[in-house]
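Computed from a predicted model, the values in this text were never measured in an experiment. Quick note: numbers below take in every heavy atom, side chains included, and nothing from hydrogens, waters or symmetry partners.
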Amino acid sequence: MASISGTEYRLLLSTDGTTYKGLADETECSFDITAETRETTSKDSATWRTFITSAKTWTASGSALFGDDDATKWNADELFALVGTTVYVKLTQTAAGSTTPATGEANLTGQAVFTSFSASQPDKDNGTYTFQLQGAGALTQGTN
């Protein structure tokens with residue numbers, strides 16, 4: 001089994017749930033799925049604690065370089081305006097250097113609140129930004 005390069009995995013965003021765009025000059029994306037638990041230990045459990053899932057949550061985040069505007073991709077000036085709004089998220093495999101989802105490959109989709117946008121503009125280095133999204137409901141698996 002061949003591994004998938006991180007370069008081939010992209011986070012795509014949409015405001016309408018149908019037209020997804022990648023991030024211009026994206027350098028990193030990640031997601032986290034967590035199952036919260038509640039304890040169900042009783043005297044019948046003897047000496048072992050028992051737990052069941054009480055809720056699931058997910059988050060996604062990423063970073064990118066500030067760059068020239070590209071109408072086919074999300075740019076920093078568009079993203080900071082999304083803070084506090086609900087967007088559609090698609091995490092999927094793409095061809096290296098592309099934001100077009102690879103046909104037949106799995107994807108994860110869901111709605112999320114765009115919770116933060118942070119920029120860094122160091123002297124004599126690249127301007128970068130990071131962002132975070134909080135899942136608002138189920139993250140579902142599909143196919144491109």
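- When the side chains of ILVMFWY residues are joined at heavy-atom separations under 4.5 Å, either directly or via intervening members, L82 and F131 end up in a single hydrophobic cluster.
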Subject >> Derivation and outcome, side chain to side chain contact (heavy atoms under 4.5 Å, CB included), residues V89 and L91 >> reply: CA-CA 7 Å; V89 177; L91 299 150; 4.2 Å; yes

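- Although no hydrogens or angles enter the test, the distance criterion places no donor-acceptor pair under 3.5 Å between the side chain of E105 and the main chain of T143.
- No side-chain heavy atom of T92 sits less than 4.5 Å from a side-chain heavy atom of L108.
- Under the 3.5 Å distance criterion, the side-chain polar atoms of T27 are matched with a main-chain donor or acceptor of S63.
- To the nearest 0.5 angstrom, T59 atom OG1 is 10.0 Å from F31 atom CZ.
- T53 contributes no side-chain N or O that, together with a main-chain N or O of A55, makes up a donor-acceptor pair within less than 3.5 Å.
- A24 and A64 make their closest contact through O-CB, 3.6 Å (heavy atoms, listed as atom of the first residue, atom of the second, distance).
- Note on V83 and L133: same hydrophobic cluster, where clusters join Ile, Leu, Val, Met, Phe, Trp and Tyr whose side-chain heavy atoms are under 4.5 Å apart, directly or indirectly.
- Residues satisfying the salt bridge (Lys or Arg N to Asp or Glu O under 4.0 Å) test with E28, not counting sequence neighbours, are none.
- The closest side-chain heavy-atom distance from T40 to I52 is below 4.5 Å.
- Looking at Y129 and L79, their side chains come closer than 4.5 Å, going by heavy atoms from C-beta outward.
- T94 and R10 get closest at one heavy-atom pair: OG1-CG, 3.4 Å.
- Residues A106 and Q141 come closest through the heavy atom pair CB-NE2, 3.8 Å.
- K90 pairs by the salt bridge (Lys or Arg N to Asp or Glu O under 4.0 Å) definition with nothing, not counting sequence neighbours.
- V87 and F80 fall within a single hydrophobic cluster, where Ile, Leu, Val, Met, Phe, Trp and Tyr side chains are chained together by heavy-atom contacts under 4.5 Å.
- Residues W74 and T15 form a side-chain contact, since some pair of their non-hydrogen atoms from C-beta on lies under 4.5 Å apart.
- Summarising the geometry, atom OG belonging to S54 is positioned 12.0 Å from atom CD belonging to E39; distances are rounded to the nearest 0.5 Å.
- Classification of the F117-F66 ring pair by plane angle, with boundaries at 30° and 60°, yields perpendicular.
- To the nearest 0.5 angstrom, L65 atom CG is 11.0 Å from L23 atom CG.
- No side-chain donor from either of N126 and T128 sits under 3.5 Å from a side-chain acceptor of the other.
- Using a 4.5 Å cut-off between side-chain heavy atoms of Ile, Leu, Val, Met, Phe, Trp and Tyr, Y20 falls into a hydrophobic cluster with L12, Y88.
- For the residue pair D32 / T34, a side-chain donor-acceptor distance below 3.5 Å is found, with atom types taken as modelled.
- Atom OG1 in T41 sits 11.5 Å away from atom CH2 in W48 (nearest 0.5 Å).
- Expressed to the nearest 0.5 Å, how far OG of S14 lies from CD of Q111 amounts to 9.5 Å.
- Checked for salt-bridge contact, K56 and E36 miss the test: no charged N lies under 4.0 Å from a carboxylate O.
- Distance check, rounded to the nearest 0.5 Å: CG of L13 to CG of L11 gives 5.0 Å.
- Defined by atom type and a distance below 3.5 Å, a donor-acceptor pair is present between the side-chain atoms of S61 and S30.
- For the pair E78 and K73, the salt-bridge criterion is not met [side-chain N within less than 4.0 Å of a carboxylate O].
- For the residue pair T103/N144, the side-chain donor-acceptor check at 3.5 Å is not satisfied.
- Side chains of T109 and N107: no donor on one and acceptor on the other come within 3.5 Å.
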